[in-house]
Every structure is written in C-alpha cells, then in structure tokens.
Amino acid sequence: MAKKAPEVGEYQYGFHERDVSIFRTQKGLTKEVVKQISDYKEEPKWMLDFRLKALEQFYKMPMPQWGGDLSELHFDEITYYVKPSERSERSWDEVPEEIKNTFDRLGIPEAEQKYLSGVSAQYESEVVYHNMEKDLEDLGVIFKDTDSALKENEDIFREYFAKVIPASDNKFSALNSAVWSGGSFIYVPKDTKVATPLQAYFRINSENMGQFERTLIIADEGSSVHYVEGCTAPTYSSSSLHSAVVEIFVKKNAYCRYTTIQNWANNVYNLVTKRAVADENATMEWVDGNLGSKLTMKYPAVILKGEGARGMTLSIALAGKGQHQDAGAKMHHLAPNTSSTIVSKSISKHGGKVTYRGIVQFGRKAEGARSNIECDTLIMDNKSTSDTIPYNEIMNENISLEHEAKVSKVSEEQLFYLMSRGLSEEEATEMIVMGFIEPFTKELPMEYAVEMNRLIKFEMEGSIG
Amino acid sequence: MAGSTLEIKDLHVEIEGQEILKGVNLTVNGGEFHAVMGPNGTGKSTLASAVMGHPKYEVTQGQVFLDGENVLEMEVDERAQAGLFLAMQYPSEISGVTNSDFLRSSINARREEGDEISLMKFIKEMDEAMDTLDMDKNMAQRYLNEGFSGGEKKRNEILQLMMIKPAIAILDEIDSGLDIDALKVVAKGINEMRNENFGCLTITHYQRLLNYITPDKVHVMMQGRVVKTGGPELAQRLEAEGYDWIKQELGIEDETIGQKA
C-alpha cells in the first residue's frame with residue numbers, strides 16, 4: 001500500500017478562527033472578576049454568594065502536592081470568562097459563520113444528522129449552539145447548557161448543584177465553583193429511557209482562557225441515559241487551564257453512562273473533578289479517554305451508596321513528549337452487594353509519563369461487595385514511564401477485591417510477525433496499539449470510535465525509531 | 001520458467017555472537033516443494049527466520065535472492081511484499097485485533113491504495129479457505145492467535161498462506177503438535193496451493209508430513225549446513241533408518257551446531 005510519510009509535530013486540530021468574543025473579563029482572578037461573571041449572567045444572589053464563598057476557599061487551599069507538576073500553572077495569567085456571542089443559539093442557521101467553520105472542521109453537522117438526538121456544543125465558555133429533538137422534550141427530558149438551566153429550572157438545579165462535589169472538595173473544584181460557566185445540564189424523569197446518546201462538543205479557542213464548565217446530570221428512578229462529550233483544543237504557545245466539575249446523580253434502578261474523549265493541546269492543564277452517586281441498584285459508568293494535555297489529573301469517582309449499586313470506570317490515557325497523564329478512578333463501596341469494575345489502559349511514548357492512581361474503598365456496611373481492577377500499560381520506548389498507584393481501604397471482611405496490573409512493550413516478535421505479512425513497522429505498531437485500546441473503543445458510539453482511532457493513529461505517527 | 005526463484009547462497013548467520021548457519025546453499029523454484037529435514041538443533045528454524053529477516057539473526061556472510069533481487073537488503077515487510085511468506089512455529093498473539101481485520105490488512109498491504117480487496121470478495125475467499133481447513137467460522141472474529149490452541153494456530157498460519165498467496169512460502173515446523181487429522185487438514189490446505197507459480201520450503205523433523213505433501217526435493221541439515229540432498233525416497237529412508245547412517249557416511253559425530261565437522 002502506498003503510504004505517505006507521516007507528518008510530525010503539527011497538532012491536527014491546531015487551526016483557530018479569528019476571535020469573535022464580545023465580552024471577556026480581564027486576566028487574573030479577583031472578587032471583581034467573579035462578580036462581573038455573575039452580573040453578566042444575571043444570576044440569582046445565592047449563586048453569586050456561592051461563587052464568592054468558593055473563591056475564598058480557593059484562595060485558602062494549598063496547591064496539591066501530589067500527582068503532577070503544577071509549578072508552571074499561573075492563575076494570574078488566565079482569563080476566566082469569555083463569552084463568544086450574545087445568546088445561546090438554537091438553530092444551526094443562526095450560529096455565526098466563524099464558529100460554524102470550527103465545528104465543520106470537527107465534523108459536528110454530519111455527526112448531528114446521523115446520531116444526535118440533542119446537541120449542546122460548547123465553544124469557549126458559553127454554549128452557543130443547542131438543539132434538542134422535540135420528542136425528547138415531550139418526554140420531559142431537560143438537556144440544556146448549565147447557565148440556562150440555572151435560569152429556567154432553578155428549583156431542581158439548586159436541589160442538586162454542588163451536592164456531590166462541594167466547592168471545598170479540592171482546590172480546583174473551588175476554582176470551578178467560583179468561575180464556572182457553561183457545561184451541560186441533564187434531567188431524565190422517572191422511568192424514562194433516552195435511546196440515543198446526548199452529546200456535547202467542547203472546545204477551547206482563546207489563548208490563555210480557562211474553561212470551567214460545570215455539568216450536572218440527574219437520572220431519576222428507573223431512567224436511563226448516555227451522555228457523550230468530546231473535546232479538542234487548538235494549539236497555543238502559553239498554557240491554558242481546563243478545570244471542570246461533573247456531578248451525577250443516578251437514582252434507584254437508573255442507568256447512566258458518561259463518555260468523554262479529551263484531546264487537549266499539549267499545553268493545557270486538565271484538572272477535572274468527576275463524581276457520581278449511585279443509589280440502590282443503580283448503575284454508573286464512566287468511559288474516559290485522555291489524549292493530549294500537558295498534565296491531566298482526573299479520577300472519576302462513583303459513590304456506591306445504595307444496595308446493589310454498580311460502578312464502572314473504563315479509561316485510556318496516552319502520554320507523549322512532555323506530557324503526564326495522572327488518571328485513574330475512585331470507587332466508594334458504602335452499601336451491601338455493591339460492585340465496581342475499573343479498567344485502565346495507558347500508553348506512554350516519546351518520554352511521556354502515565355500514572356494510574358486509584359482508590360477503592362469498602363465501608364463497614366459493604367457486606368458482599370466486589371471490585372475488580374485491571375491496569376494495563378503499553379510502553380513504546382525506553383524513555384517513557386508508567387506508574388501504578390492503587391490504594392485500597394477495607395473496613396469489611398466480607399468483600400472481594402481483585403487487582404491485576406500488567407506492563408508490556410511492543411515486542412520484537414509481534415512486530416516481526418505482523419511485518420512478515422507485509423505490514424510496515426508503522427502499520428504493525430499502530431495495529432498493536434489499536435488492539436491494546438480495543439476494549440475501550442468498542443464501548444464508544446460509532447462516530448466516536450472512528451474519531452478515536454483517527455486521533456490515536458495521528459498520535460502514533462512518527463513513533464517509530 | 002513460471003513462478004519465482006529463491007536462491008540462498010553460502011548463508012552464514014549468527015545469533016548473539018554464536019554462528020548457527022555455516023554456509024547454507026539452497027534454491028527453490030516456483031512449482032517446487034522442498035523439505036528441509038534434520039535433527040533438533042541443526043539450524044533449520046534459524047534458516048527460516050533469517051531468510052524472512054528476524055532482527056535477532058545477523059547474516060554475516062552469503063546472499064539471498066528472490067528473482068535476482070537482494071533480499072538481505074530488504075526490511076521484513078518488503079520481503080513479504082516481494083513474495084516471501086513464513087508460517088511460524090510460534091506465531092505471536094495480538095490482543096484486540098481480529099483475525100479477519102489482520103488478514104484484510106495483510107492482503108491490502110500488498111495492494112495499492114484505492115485497489116483494496118472488496119469486503120465481499122474477502123469474506124468469500126476467507127470462508128472458502130476456512131472450509132478447506134475445517135476451521136470454525138468464529139475464528140475469523142477472534143483476536144489474532146489469542147487463546148488459540150497449538151493446532152488452531154497452525155491452521156491459522158495456513159489460512160494466512162492461502163489468503164496471501166505468496167510466491168515462495170517457508171513453513172517452519174507447521175506439523176509440530178498436530179494430531180493426524182489436523183495434519184491431514186493442514187496438508188490439504190498446502191496442497192491446494194500447489195501450482196507452477198508457488199514454491200514451498202517445508203521445515204520438519206518428521207517424515208509423516210511428507211506422506212501428505214510429497215516433496216520434489218529433500219535436504220538434510222546438520223551442523224548448520226545442508227549435508228545431503230535427494231528426492232522423496234531420502235525422506236523415506238530417514239523415516240525407516242534415522243539419521244545415523246548419514247552421520248556415518250559423512251563422518252559426523254555430533255550433528256548439532258557448535259561442533260566442528
């Protein structure tokens with residue numbers, strides 16, 4: 001097969017459009033900036049108070065001394081709020097041309113036609129495009145950007161907001177609580193099954209602009225929903241910060257899956273707090289793909305609160321030159337017969353560093369609970385590294401915990417075998433890597449699996465020799 | 001003359017500083033079936049791996065040509081694309097890659113971009129080949145060699161052979177670990193390949209495979225060299241009498257590598 005030589009170095013989604021923002025705060029984080037954001041959004045007073053209190057907590061809390069290197073993250077150089085256009089758009093025709101171009105290059109419109117039942121695509125800090133199918137609305141499903149939900153569904157919003165992840169949870173949840181903007185809000189009523197995935201596309205566009213989206217999902221009793229979020233960011237020279245908070249409530253007998261693929265540019269700090277509460281017999285699944293970024297620190301958590309609740313985290317992480325993926329999962333077994341599965345697949349290359357960091361906790365009441373942890377790492381060269389840091393806390397004797405960790409390299413024998421069938425070294429390596437992450441990609445909706453494969457292929461180009 | 005020609009001339013090969021092959025000469029033409037026999041530890045598998053270009057084996061002297069092209073200057077994939085194939089004794093397992101995806105990629109690797117095999121044609125050919133080899137159709141969707149039994153792996157190597165249709169194939173102990181029924185099936189697959197455009201070099205230390213695949217020529221390897229060449233009757237004599245008579249005839253005490261002749 002005639003193959004073109006791989007292009008190395010340029011980030012595939014590194015294009016960016018002229019900045020069309022009409023409002024942005026000055027750089028740095030002060031009370032004034034927080035007030036400005038809240039004023040601009042015409043928020044109720046309780047939200048402003050919440051933000052200001054969070055800001056104080058953020059000031060007080062020290063930087064985390066574990067995980068990745070945060071020494072080059074300077075909070076004063078970041079713009080905390082940028083609004084790209086005046087209001088949320090509902091119809092595609094109304095979306096400004098330049099924003100559309102960006103989406104076009106990410107393949108959003110086609111994707112929507114084929115798969116989406118509702119789109120909420122975040123461009124910079126605010127949701128500009130939002131579309132939901134009529135029948136979803138008829139079902140009583142709420143799917144909108146979080147700012148609109150605060151305005152239009154304040155009661156339910158207030159009931160759940162910051163209840164799983166309080167502002168004081170950690171320094172970055174405090175930061176997000178102070179300056180949050182955008183994100184998705186989903187409410188699925190009792191016994192309602194949302195058949196097709198709800199999707200949002202996030203993208204940072206302005207240099208040095210933080211993105212602090214806030215997502216809140218409530219799957220009421222017996223309901224079922226799958227939310228999918230993909231992120232790509234263009235390349236800029238100085239660091240950007242992405243610090244999201246995602247809170248999910250999965251009520252009795254409900255099912256929720258949250259799928260993310262994040263492909264941040266190599267200068268983005270990606271520091272995200274994700275946590276779900278699963279009630280009796282509920283199922284919560286995190287499917288989490290981390291590519292790109294300078295440093296990712298992300299450990300999706302499930303609090304298994306009700307008897308028989310199930311939690312799963314299936315993740316992949318890929319770290320290349322100068323990158324550190326510090327990712328993992330947390331499972332808190334607080335009730336009898338709860339079960340959890342963690343599958344972590346990581347790849348390091350070109351001196352990249354991957355760390356699996358996980359906590360599995362069995363409380364006193366976790367009679368008969370089970371957890372299964374599997375960490376696989378593929379190291380592509382001798383410069384790259386991997387660490388596995390599992391932490392287990394067991395307060396009940398009658399539980400079962402299995403942990404399996406495996407580190408492998410692409411072996412000479414495997415390459416020889418595939419190449420002896422006519423595949424180039426590059427193709428053979430790519431095939432081995434694709435096979436390695438297959439347990440992840442097979443869980444993705446079709447279009448995301450295709451994109452994922454494309455991103456991985458792009459990332460692997462130039463990995464040989 | 002139809003088909004391709006593989007010429008191995010005075011091939012010397014080292015592994016980790018130890019010389020294993022000490023001057024092998026062998027020519028395989030399209031349409032011919034050759035068998036390389038010999039006791040364990042005489043360099044047979046090294047010959048197979050070195051010709052295919054395994055990075056562990058270092059060629060220190062000699063030449064290998066395929067239709068006059070210098071094989072030793074080619075990368076492993078270039079050797080494959082030039083028409084060589086090696087059915088391996090211990091094929092690797094590749095998790096997450098289905099057998100059929102792998103096969104299709106291998107076939108397409110030999111074709112120009114835009115001229116890939118159509119999915120329908122591929123499935124049809126694979127189904128036929130799997131029928132010949134008496135393979136369960138599920139094998140197509142299983143991960144490449146992962147969890148395959150020894151016999152399944154061997155069949156899978158022959159399935160690849162039948163699908164890829166190389167000009168010259170080297171079969172490295174394709175019969176080891178097979179029961180008689182599996183052996184017959186594997187032989188059937190190989191025999192289906194027989195035509196004037198296909199040359200084959202079968203490495204084995206048992207004659208029994210040769211009951212089903214009749215060789216045109218039989219070579220005996222000892223001490224890293226081909227020490228005797230004959231027709232199918234040579235294999236039969238080896239089966240009946242063992243290797244001692246050859247050793248006596250040639251004055252060899254220890255047939256394995258590392259000993260002086």
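So that the names make sense, note that chain A is the first sequence line, chain B the second, and so on, each numbered from 1. Side chains included, hydrogens not; waters and symmetry mates left out as well; all remaining heavy atoms used.
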Engaged part of Leu86(B) at the chain A interface, taking heavy atoms whose separation is under 4.5 Å: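 Answer is both: backbone and side chain atoms of Leu86(B) are under 4.5 Å from chain A.
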Residue part contacting chain A, namely of Ile107(B), when any heavy atom lies under 4.5 Å: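 For Ile107(B), no heavy atom lies under 4.5 Å from chain A.
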For [X], look at atom [atom1] and say whether over 12 heavy atoms of other residues, nucleotides or ligands are found less than 6.0 Å away.
X	atom1	result
Glu412(A)	CD	yes
Lys137(B)	NZ	yes
Asp136(B)	CG	yes

[atom1] of [X] to [atom2] of [Y]: how many Å apart, nearest 0.5 Å?
X	Y	atom1	atom2	value
Met431(A)	Ser106(B)	CE	OG	6.5 Å
Asn108(B)	Glu427(A)	CG	CD	10.0 Å
Asp77(B)	Glu426(A)	CG	CD	11.0 Å
Gln414(A)	Leu144(B)	CD	CG	9.5 Å
Ile432(A)	Ser92(B)	CD1	OG	8.0 Å
Ser420(A)	Ile170(B)	OG	CD1	10.5 Å

Residue Phe416(A) versus chain B: region with a heavy atom under 4.5 Å: both
Winner by heavy-atom pair count (cut-off under 4.5 Å) against chain B, out of Ser411(A), Gly422(A), Pro439(A):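 Ranked by contacts with chain B, first place is Gly422(A).
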Most chain A-contacting option - heavy-atom pairs closer than 4.5 Å, from Gln160(B), Lys56(B), Arg79(B):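 Counting heavy-atom pairs under 4.5 Å, the top option is Gln160(B).
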Greatest number of heavy atom pairs closer than 4.5 Å to chain A - which of Glu93(B), Met52(B), His54(B):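 Ranked by contacts with chain A, first place is His54(B).
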Donor + acceptor pair across side chains of Tyr90(B), Glu413(A) (<3.5 Å): no
Which atom of Val97(B) lies closest to which atom of Gly435(A), heavy atoms considered: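 For Val97(B) and Gly435(A), the tightest heavy-atom pair comes out as CG2-CA, 3.8 Å.
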